[in-house]
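To start, the structure under review is shown below, and the notes come after it.
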Amino acid sequence: MEVTSTSPSRRIERKERLRGEILAAASKMFADRGYEAVTLREIAKEIGYTHAVIYQHFPDKWHILAELSRETIGLMVQNFDAIAAQHRSPKERLFATSRGLIQFCISHPQQFRNVFFGPENRDGVRAGQYINDIGAPLF
């Protein structure tokens, strides 16, 4: 009888896939119901796991929102960089990136709501300050 073990690369792939499932479920739930209304148990139930599994990937709900925010801001930075590279004058760049922001928000409403309408306060830090901190590369 041969005993097989899961290769390290397969374990990493499975772990990343589960992390992605957690983020996708949380993103939708936060956007639909609001960050404060969603629990880790509900996220876990949505993806068919116990809440203990989520703690293997994130220490708490706030860190899930932080990861979602980082991903969204990263997409916005890429989008803005591509737009800015197409326009030479500052005025054209300003108008184009403004239109780009509106188009991004329309195309990604769930991410926009999560990032910009997340919790008001976390450990004394207002959501607006948090967004300013992670969004600094945009400006």
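- When side chains are defined from C-beta on, Phe112 does not count as touching Ile106, because their heavy atoms never get closer than 4.5 Å.
- Side-chain contact between Glu21 and Glu46 is absent, with no heavy atoms from C-beta onward closer than 4.5 Å.
- Rounding to the nearest 0.5 Å gives a distance of 9.0 Å between CZ of Arg93 and CZ of Arg88.
- In this structure, Arg33 places its CZ atom where more than 12 heavy-atom neighbours from other residues, nucleotides or ligands lie under 6.0 Å away.
- Considering every non-hydrogen atom in both Ala25 and Ile43, the closest pair reads CB-CG2, 4.4 Å.
- The shortest distance between side-chain heavy atoms of Gln78 and Leu75 falls below 4.5 Å.
- With salt bridges taken as basic N to acidic carboxylate O contacts below 4.0 Å, one links Glu67 and Arg19.
- By the criterion of side-chain heavy atoms lying less than 4.5 angstrom apart, applied directly or through intervening Ile, Leu, Val, Met, Phe, Trp or Tyr residues, Phe95 is not grouped with Phe80; the two fall into different hydrophobic clusters.
- Residues Ile47 and Val53 form no side-chain contact, since every pair of their non-hydrogen atoms from C-beta on lies 4.5 Å or further apart.
- Between Val38 and Lys61, the shortest heavy-atom distance links the atoms O-NZ, 2.6 Å.
- In the hydrophobic clustering of this structure, Ile12 does not group with Tyr49; members are Ile, Leu, Val, Met, Phe, Trp, Tyr whose side-chain heavy atoms approach within less than 4.5 Å, directly or through other members.
- Two residues are said to be in side-chain contact when any heavy atoms from C-beta on lie closer than 4.5 Å; Leu101 and Met76 meet this criterion.
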Evaluation steps, side-chain contact (heavy atoms from CB on, under 4.5 Å), between Ile102 and Ser98
CA-CA 6 Å; Ile102 293 166; Ser98 296; 5.5 Å; no
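- Under a hydrophobic clustering in which Ile, Leu, Val, Met, Phe, Trp and Tyr are joined whenever their side-chain heavy atoms come within less than 4.5 Å, directly or via other members, Leu65 and Tyr55 fall into the same cluster.
- Contacts classified as ring-ring contact (aromatic ring centres under 6.0 Å, His included) and involving residues 8-32 (residues at least two apart or in different chains) are given here: Phe30-Tyr35.
- A salt bridge does not link Lys45 with Glu42: every distance from a Lys NZ or Arg NE/NH1/NH2 to an Asp or Glu carboxylate oxygen is 4.0 Å or more.
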Could you walk me through whether Lys15 and His57 satisfy the side-chain contact (heavy atoms from CB on, under 4.5 Å) test, starting with their C-alpha distance in whole Å, then the side-chain angles of each, then the deciding distance to 0.1 Å, before giving a yes or no?
CA-CA 8 Å; Lys15 184 176 179 177; His57 299 272; 3.3 Å; yes
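- With rounding to the nearest 0.5 Å, the separation of OG1 in Thr97 from CG in Asp81 is 10.5 Å.
- Using cut-offs of 30° and 60° for the angle between ring planes, the His108 and Phe104 rings count as parallel.
- Contact detail for Ala96 and Ile83: the closest heavy-atom pair is CB-CG2, 3.4 Å.
- Scanning all heavy atoms of the two residues, the minimum distance from Ile64 to Ala26 falls at CG2-CB, 3.5 Å.
- When every heavy atom of Ser27 is checked against every heavy atom of Gln110, the shortest pair comes out as OG-NE2, 2.8 Å.
- Contact annotation: the side chain of Leu23 approaches that of Glu71 to within less than 4.5 Å [non-hydrogen atoms, C-beta and beyond].
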